[in-house]
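Below: one structure, written as structure tokens.
We name chains A, B, ... by the order of the sequence lines, and we start the count at 1 in each one.
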Number of protein chains: 2
Amino acid sequence: MKIRIKDIALKANVSTGTVDRVLHSRGDVAENTRKHVMKIVEEMGYEPNLIARTLASKKKFHMAVLIPDPEGNLYWKSPLAGMEKAHSEIAGFNAEINFYPFIIDDEISFHGEFEKLFCQKPDGIIFSPVFLDTSLKIIQICEENRIPYIFIDANIEGQNNLSYFGQNASRSGYLAARLMDYAVQTDGEILIINPSHEKEVTHHYTKREGGFISYFNGLLNTNKQLKIKSVNANTNSDSEINSVLDKCFKQNRSIKGIFITNSKIYKIARYLSNREINSVVLIGYDLLNENLSFLNNKTIDFLIGQKPEEQGYKSVLALFHYLLSGKKPEKTNFSPIDIITKDNFEFYKI
Amino acid sequence: MKIRIKDIALKANVSTGTVDRVLHSRGDVAENTRKHVMKIVEEMGYEPNLIARTLASKKKFHMAVLIPDPEGNLYWKSPLAGMEKAHSEIAGFNAEINFYPFIIDDEISFHGEFEKLFCQKPDGIIFSPVFLDTSLKIIQICEENRIPYIFIDANIEGQNNLSYFGQNASRSGYLAARLMDYAVQTDGEILIINPSHEKEVTHHYTKREGGFISYFNGLLNTNKQLKIKSVNANTNSDSEINSVLDKCFKQNRSIKGIFITNSKIYKIARYLSNREINSVVLIGYDLLNENLSFLNNKTIDFLIGQKPEEQGYKSVLALFHYLLSGKKPEKTNFSPIDIITKDNFEFYKI
DNA sequence: ATATTTACCGTGTGCGCACACGGTATTTAA
DNA sequence: TTAAATACCGTGTGCGCACACGGTAAATAT
């Protein structure tokens, strides 16, 4: 039998209105009465009925989301999809989400979209703090206006954010290296390809590379000789990728594995298919459709998945629950590091 | 602006009570009126407000769960935990779950617990149809009493179950074989250990073994020579495991990998540690704590995880949503096949 | 003819909560 | 002293729906 406001009012010898005022700190209650009511509330372990609250309240929960436009970066389709799924689940609870997509790599757009967002005075914000300076300004504004904010995908340490949903990038690089070590069975060279065009301040790429390298540095007694080499390339440009790879394969014919720190592994796979180079182990990130077809024909050996939909999904639910009932989520939420192969990818598609 | 019953009543020139009777097929409505109301309901795209419905309805949704007692098999702690999590989320919606744990491998207990369960006349049932005969009887009773039922973990094909939540066992065995192929880098023998004591009719173990073997059968041009050998052992008995392994290692000193089709891989790991046998690749199932510590010190190379909590979680939510709003879930729901290593296991623990 | 059943339908109440409104004491200002 | 401000609190209404109850008119029984 759940305790209702009416039960508390009865026991405290006050009206339900007074209990309500106490519970919502709406003032107009004598200090003594307040204490008395609060005591009984705690004694009886009152928990508000969220169903009734939602029905009675005309309040809309307005959440705003500031993330890169998926048009410019397909990866962001996934968090967006997760957010929309979460929204459909809580739409009945007067939850409203507005999306403010900014142009990736464009700090001006980032700032501009935030200004639009802020005009709507949302109750809470989810954003990806990719540009440090502007993000710190946003954080300050949120603090001043007491708007809770959640980081997604990228994180800025030491802030008063409600939560962070993202990935453990260095760990995933480390894991990728272990997989590479399993998959490459003879001596040779491992190539790491880093995207060179990214302008974001807080990026995962160097962390992934760092984790990858640290695995091989930590190896002591090995029965294989593996040399690790890093190169940079603008992975948006197919021609640049091709010329970089051409150069690498010209220099060194014993390349046994390639690890790329973003989702463009399908471009490497395409290159190798075209050049008819076989038996190179390929490891990269994210379940893009382009990647999956190469995974399926075994050109790509492993993909690392970071459950981007789940990040979007959980961040929305966390913010909503906080707004609805004040429940604070964990401050740091790493998504699992999924190892995807030809044999299990279909279970991870959304 | 959501359409309410009141809006429909207004447009149809009837009272809300009549609309309600139509919507709930409660009779006492003239056929003409019924058609007229239904037409307007469809026209306006009425969707009931589940919040208000829950608040107004005194109906309790009583769900019953018939699964093996986790005391007898630690694996089942996970689905149970998932179910309890789901329950805590929907408790506010008048959802009630009763658990009927039966003694694993004991069909009498299975049957007895079902009888207890059935006395309570639940609105829906989730159960693991491990014993075929009794399960078919249960299914028949459910059909007769129009009680929806969901299979979890095990499946019986061709039934009218609302849904099935479980794993793709043969696929996971196939995947395990691929991992074994990656991890074993020289010629040698691969040992498959099958539990021999299981009495359940619908078991995953042979399917896992089948998938594992089919991978190696499908290999054409290999640079390694790997021999596959299957043995049976009662994996509940440590002494039997030890003696079986002793025999295998005596016969053949070139065992390079061991795959066990259940969660008792930690017993193999313990054996190898005690005998100080190194560099044998170990692959098994499930994130038991015993397994994780051996994974962490790299005695175990890979664990296959099948998200058992998620199976429990989703099965409860699916049944509930069906009871609440008649929404049918997918009939078959395979959980992802997670590849777990030392580097990512912490993200999969619950 | 009146009584009774049947078919059909409208009204009213309450689920637990939020919040507007207005009321009564008490204090302060005029 | 009377008017006005303030502090504090209770009552009433409605959110959208489910369902009990009762009512009217027509059909049937007596």
Side-chain angles (χ1 to χ4, degrees), chain A residues 1-38 40-41 44-61 90-96 123 323-326, chain B residues 1-38 40-41 44-61 90-96 123 323-326:
Chain A
M1 184 61 192
K2 283 270 276 181
I3 304 298
R4 301 158 301 173
I5 281 188
K6 199 197 283 185
D7 300 319
I8 295 176
L10 207 69
K11 194 149 191 172
N13 271 322
V14 293
S15 72
T16 61
T18 301
V19 177
D20 184 72
R21 275 186 289 267
V22 169
L23 289 174
H24 294 83
S25 313
R26 259 198 275 277
D28 281 355
V29 180
E31 182 57 20
N32 278 340
T33 318
R34 202 190 64 78
K35 276 184 184 161
H36 180 226
V37 169
M38 273 313 289
I40 292 182
V41 164
M44 303 183 78
Y46 170 75
E47 291 285 338
N49 181 326
L50 298 183
I51 300 293
R53 165 176 296 178
T54 304
L55 186 64
S57 171
K58 307 141 203 322
K59 192 192 292 164
K60 280 239 183 278
F61 296 103
I90 59 178
F93 287 84
N94 301 329
E96 196 180 293
D123 301 307
L323 294 176
L324 180 64
S325 56
Chain B
M1 184 59 192
K2 282 271 273 180
I3 305 298
R4 301 158 301 173
I5 281 186
K6 198 195 286 184
D7 301 318
I8 295 175
L10 207 68
K11 195 148 190 172
N13 272 322
V14 293
S15 72
T16 60
T18 301
V19 178
D20 184 73
R21 274 185 290 266
V22 169
L23 289 175
H24 292 84
S25 313
R26 260 197 273 277
D28 280 355
V29 179
E31 182 57 19
N32 279 341
T33 320
R34 201 191 64 78
K35 276 183 184 160
H36 181 226
V37 169
M38 274 313 288
I40 293 184
V41 164
M44 303 184 78
Y46 169 75
E47 292 285 337
N49 181 326
L50 297 183
I51 300 293
R53 164 176 296 178
T54 304
L55 186 64
S57 171
K58 306 142 204 322
K59 191 191 293 163
K60 281 241 183 276
F61 296 103
I90 59 177
F93 287 84
N94 303 328
E96 196 181 291
D123 301 307
L323 294 176
L324 179 65
S325 55

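- Atom C1' of nucleotide D:dA7 and atom CD of A:E31 are separated by 13 Å, given to the nearest angstrom.
- In this structure, CD of B:E47 is placed 15 Å from C1' of D:dC17, rounded to the nearest angstrom.
- Residue A:T54 is out of contact with every strand shown, counting any heavy-atom pair closer than 4.0 Å.
- Proximity of B:H24 to the phosphate of D:dC19: no side-chain N or O atom is located under 4.0 Å from OP1 or OP2.
- For the pair B:V22 and B:V41, the minimum side-chain heavy-atom distance is 4.5 Å or more.
- At whole-Å resolution of the value, CD1 in A:I8 and P in C:dG16 are 13 Å apart.
- Each of C:dC19, D:dA18, D:dC9 was ranked by its minimum atom distance to the side chain of B:R26; first place goes to D:dA18.
- A donor-acceptor pair under 3.5 Å is formed between the side chain of A:H24 and the backbone N or O of A:D20.
- Whole-Å rounding puts the A:H36 NE2 to D:dC8 C1' distance at 16 Å.
- No more than 12 heavy atoms of other residues, nucleotides or ligands lie within 6.0 Å of NZ in A:K35, so this atom counts as exposed by the packing criterion.
- Considering only side-chain N and O atoms, A:Y46 lies under 4.0 angstrom from the phosphate OP1 or OP2 of C:dC17.
- The structure places CG of A:L23 at 5.5 Å from CD1 of A:I5, a figure rounded to the nearest 0.5 Å.
- Closest to the side chain of A:I5, from the set C:dC17, D:dC8, C:dC8, is C:dC17.
- Other residues, nucleotides and ligands place more than 12 heavy atoms under 6.0 Å from the NZ atom of B:K2.
- When the P atom of D:dC9 is taken as reference, atom CZ of A:R34 falls 12 Å away, rounded to whole Å.
- Taking atom CG of residue B:D28 and atom P of nucleotide D:dA25, one finds them 17 Å apart after rounding to whole Å.
- Per the geometry, CG belonging to B:L10 stands 14 Å off C1' belonging to C:dG10, to the nearest Å.
- Under the 3.5 Å distance criterion, the side-chain polar atoms of A:R53 are matched with a main-chain donor or acceptor of A:L324.
- Which of C:dC9, C:dG10, D:dC9 sits closest to the side chain of B:A30 comes down to C:dC9.
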Under 3.5 Å between N/O atoms: give me all the protein pairs with nucleotides 11-15 of chain C, atom names plus distance.
| residue | atom | partner | partner atom | Å |
| --- | --- | --- | --- | --- |
| C:dC15 | O2 | B:L55 | O | 3.4 |
| C:dC15 | O2 | B:A56 | N | 3.3 |

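- A distance of 9.0 Å separates CD1 of B:I8 from CE of B:M38, quoted to the nearest 0.5 Å.
- Rounding to whole angstrom units, CG of residue B:D7 and P of D:dG16 are separated by 8 Å.
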